[in-house]
Visitor: 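Below is a structure I'd like to ask you about.
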Amino acid sequence: MAIDYTERIPNNVNLSNDRVLQRALEQWQPHFLDWWREMGPNDFAAHEVYLRTAIGVDSQGWAHYGAVKMPDYRWGIFLADAIPDRTIGFGDFYGQPVWQQVPGEYRSQFRRLIVTQGDTEPASVEQQHLLGHTCPSLYDLRNLFQVNVEEGRHLWAMVYLLHAYFGRDGREEAEELLARHSGDPDKPRILGTFNEPVTDWLSFFMFTYFTDRDGKFQLKSLAESSFDPLARSCRFMLTEEAHHMFVGETGVGRVVRRTLEVMKELGTSDADAIRGHGAIDLPTVQRYINFWFTSSLDLFGSEISSNAANSFASGIKGRPDESQYEDHVARQATFELDLPEGGAIRRETVSLRTAMNEVTRNAYARDCDIGVKRWNAVIRKAGVDFQFKLPSTRFRRAIGSWANVATDPEGNLVSREAYERDLPGWIPSAADRDFVKSLMLRVTVPGKMAGWIAPPERGINNLAIDYEYVHLS
Ligand code: BYC
């Protein structure tokens with residue numbers, strides 16, 4: 001169904017046919033806009049930004065590009081088209097028709113997942129609240145704002161589901177989504193990573209590479225859901241999410257390219273010399289990778305989880321790309337994993353259903369490695385003897401079986417003392433962060449880049465790199 005932009009809330013869910021729901025969402029809308037003004041990139045509210053907006057949900061040309069002031073962005077409710085006669089693709093109800101309503105017995109489980117998903121969206125906007133002030137170029141500034149407005153829209157996607165299918169509880173949860181704030185000591189965001197500050201652009205690129213990729217895998221799992229409106233919301237969100245990971249992969253890649261240029265110019269790999277020349281040495285980039293990859297691994301939950309088993313059994317949340325598996329019921333299937341036990345590592349066989357978080361985490365880690373290999377290929381081509389490596393999924397974990405287990409980045413058990421001693425060299429130290437922050441000086445001349453990052457290969461939507469993507473004057 002086409003998106004109706006004549007409505008106060010653009011939508012393709014026939015909102016005007018349900019006056020009660022429409023009114024409830026129209027009451028939430030000003031609260032969202034107040035939140036955006038307070039917690040979003042509001043210092044740039046008066047400037048036009050070259051943004052894409054969804055105009056349809058099909059694969060051809062869903063996006064329209066144009067100059068928009070962010071508060072005028074048309075946030076709305078867009079579901080991917082329904083798949084006719086879709087049936088449940090996994091779990092105990094495998095093969096039965098998908099649900100258009102939430103069955104009472106699964107209501108709280110669905111609500112918990114939708115709230116958790118919804119909570120991450122405004123959280124990320126809050127984390128990036130002030131980044132615009134230190135943009136390395138107008139191109140990057142525009143990308144930041146594109147990511148921000150789309151995260152705002154993803155919040156709308158979850159709020160629609162809460163309002164439309166969870167009655168009063170859902171409306172209260174929708175209010176709470178605007179009341180919790182990233183890093184707030186009293187009312188923090190639900191998941192750990194979304195309370196980490198993102199105050200420099202290297203962290204932003206790492207966040208969009210690693211943390212948005214968790215978004216990709218969680219959305220893929222929810223896109224399999226037996227609750228069809230949730231599945232359709234997530235399918236459309238996935239199309240928007242791809243750009244965020246592109247920003248991360250190319251962002252880190254451009255940092256690496258610039259560092260390689262400086263290394264070549266100076267004829268050295270000495271970190272101090274590279275830093276002295278205003279670029280970020282590769283070991284520092286590796287430490288940022290270590291930090292953001294491990295923090296994002298926690299977002300998949302525990303290795304062994306009864307929540308995950310229940311969600312799979314009832315068809316609430318599947319595996320990403322469920323269709324690639326042969327056994328969609330997984331009642332008898334088992335899964336082997338390594339667990340820490342009394343200072344040693346033990347291989348254990350558990351029910352596959354309880355290990356669904358680990359299955360998804362492993363798929364995520366493999367996907368993360370693809371970009372790392374691309375960055376490494378650029379380094380190799382430059383003739384530099386250095387390669388990035390993802391740390392082990394056991395390293396620096398705060399959630400699950402490996403939480404608070406002392407390991408090195410390779411995943412070998414080490415003493416607590418050795419861990420405490422070596423950790424500052426494995427993740428960004430205060431000095432690393434201060435150095436990276438010292439580079440964050442705003443560059444806003446069209447086409448110009450800060451000295452620590454190479455230009456992108458091409459502009460947005462086939463425009464030139466020196467196009468004025470944000471009108472600051
Ligand atoms: N921090 O059985 P467990 C995105 C909680 S990112 C704090 O281990 P379960 C985006 C868990 O909630 C994608 N708490 O795991 C990216 C549970 O609490 P309750 C976001 C954590 O339940 C960038 C308890 O521990 N979407 O879209 O199987 C920018 C035991 O849970 C953490 C989703 O996450 C943590 N890291 O799975 C913008 C999808 N991990 O309920 C956006 C929805 C676990 O007992 N969420 N806990 O109080 C889920 O599917 C699941 O809630 C989880 C955990 C995968 C997070």
Side-chain angles (χ1 to χ4, degrees), residues 40 108-128 131 144 146-158 161-162 173 177 180 182 188-196 198 203-225 227 230-231 233-234 236-238 240-245 247-248 292-314 316-320 350 353-361 363-364 396-403:
S108 68
Q109 246 172 302
F110 268 115
R111 197 184 58 207
R112 191 177 68 87
L113 291 186
I114 292 170
V115 166
T116 307
Q117 177 64 48
D119 191 71
T120 63
E121 316 291 1
S124 68
V125 176
E126 293 168 356
Q127 285 171 291
Q128 297 154 18
L131 265 185
L144 167 70
Q146 183 70 58
V147 168
N148 289 165
V149 292
E150 285 176 354
E151 299 302 6
R153 206 207 66 72
H154 291 180
L155 170 61
W156 269 95
M158 294 301 118
L161 295 173
L162 289 169
E173 293 284 12
L177 286 171
R180 285 185 291 272
S182 178
R189 291 296 176 182
I190 297 171
L191 299 176
T193 313
F194 293 89
N195 290 301
E196 298 286 357
V198 179
S203 296
F204 173 65
F205 294 136
M206 294 289 169
F207 181 93
T208 42
Y209 187 77
F210 288 111
T211 311
D212 275 279
R213 195 171 306 275
D214 168 48
K216 167 180 165 181
F217 279 80
Q218 297 297 340
L219 291 172
K220 269 174 175 274
S221 296
L222 296 173
E224 303 284 344
S225 183
F227 177 37
L230 173 62
S233 293
C234 292
F236 184 63
M237 286 160 76
L238 274 165
E240 292 170 313
E241 202 67 38
H243 174 257
H244 306 187
M245 282 171 292
V247 169
W292 283 102
F293 176 62
T294 52
S295 177
S296 303
L297 288 171
D298 278 338
L299 296 172
F300 292 85
S302 304
E303 279 72 1
I304 302 172
S305 163
S306 56
N307 284 347
N310 291 338
S311 292
F312 186 84
S314 46
I316 291 176
K317 188 180 169 195
R319 286 168 285 194
V350 299
R353 283 186 174 189
T354 62
M356 288 304 174
N357 288 342
E358 186 63 0
V359 170
T360 308
R361 183 169 19 245
Y364 164 81
R396 209 181 76 90
R397 293 286 303 284
I399 297 278
S401 309
W402 290 92

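Order of listing sets the numbers, starting from 1, for every ligand and every atom in it. Because only heavy atoms are used, hydrogens play no part in the values below, and waters and symmetry mates are left out as well, while side chains stay in.
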Visitor: Before accepting this row, confirm whether a basic side-chain N of the pair Arg153/Glu240 lies closer than 4.0 Å to the acidic partner's carboxylate O.
Guide: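 Salt bridge between Arg153 and Glu240, a charged N being under 4.0 Å from a carboxylate O: yes.
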
Visitor: If you look at each N/O of ligand 1, which protein N/O atoms lie under 3.5 Å away, and at what distance?
Guide:
| unit_1 | atom_1 | unit_2 | atom_2 | d |
| --- | --- | --- | --- | --- |
| ligand 1 | 1 (N) | Gly192 | N | 3.1 |
| ligand 1 | 2 (O) | Ser305 | OG | 2.7 |
| ligand 1 | 2 (O) | Asn307 | ND2 | 3.4 |
| ligand 1 | 8 (O) | Ser302 | N | 2.8 |
| ligand 1 | 8 (O) | Ser302 | OG | 2.6 |
| ligand 1 | 22 (O) | Arg112 | NH1 | 3.3 |
| ligand 1 | 22 (O) | Arg112 | NH2 | 3.4 |
| ligand 1 | 22 (O) | Asn307 | ND2 | 2.9 |
| ligand 1 | 26 (N) | Gln117 | OE1 | 2.6 |
| ligand 1 | 27 (O) | Gln117 | NE2 | 2.8 |
| ligand 1 | 27 (O) | Thr120 | OG1 | 3.4 |
| ligand 1 | 28 (O) | Ser305 | OG | 3.1 |
| ligand 1 | 28 (O) | Asn357 | ND2 | 3.0 |
| ligand 1 | 36 (N) | Asp298 | O | 3.0 |
| ligand 1 | 41 (O) | Arg112 | NH1 | 2.9 |
| ligand 1 | 50 (O) | Lys317 | NZ | 2.6 |

Visitor: If you look at every heavy atom in Pro122 and Leu177, which pair is closest and at what distance?
Guide: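 Closest heavy-atom pair between Pro122 and Leu177: CG-O, 3.9 Å.
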
Visitor: Should the pair Arg397-Glu303 be classified as a salt bridge under the 4.0 Å nitrogen-to-oxygen rule?
Guide: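 So Arg397 pairs with Glu303 through a salt bridge.
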
Visitor: Do Arg213 and Tyr209 form a cation-pi contact, if we require the NZ or CZ to be under 6.0 Å from the six-membered ring centre and within 45 degrees of the ring's axis?
Guide: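 Yes, Arg213 sits over the ring of Tyr209.
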
Visitor: Looking at Arg111 and Glu173, is there a salt bridge between them, counting it only when a charged N and a carboxylate O are closer than 4.0 Å?
Guide: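 Yes.
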
Visitor: Just jot down the side-chain contact (heavy atoms from CB on, under 4.5 Å) partners of Ser182, sequence neighbours excluded, or say none.
Guide: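 Result, side-chain contact (heavy atoms from CB on, under 4.5 Å) vs Ser182: Glu126, Gln127, Arg189, Asn195.
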
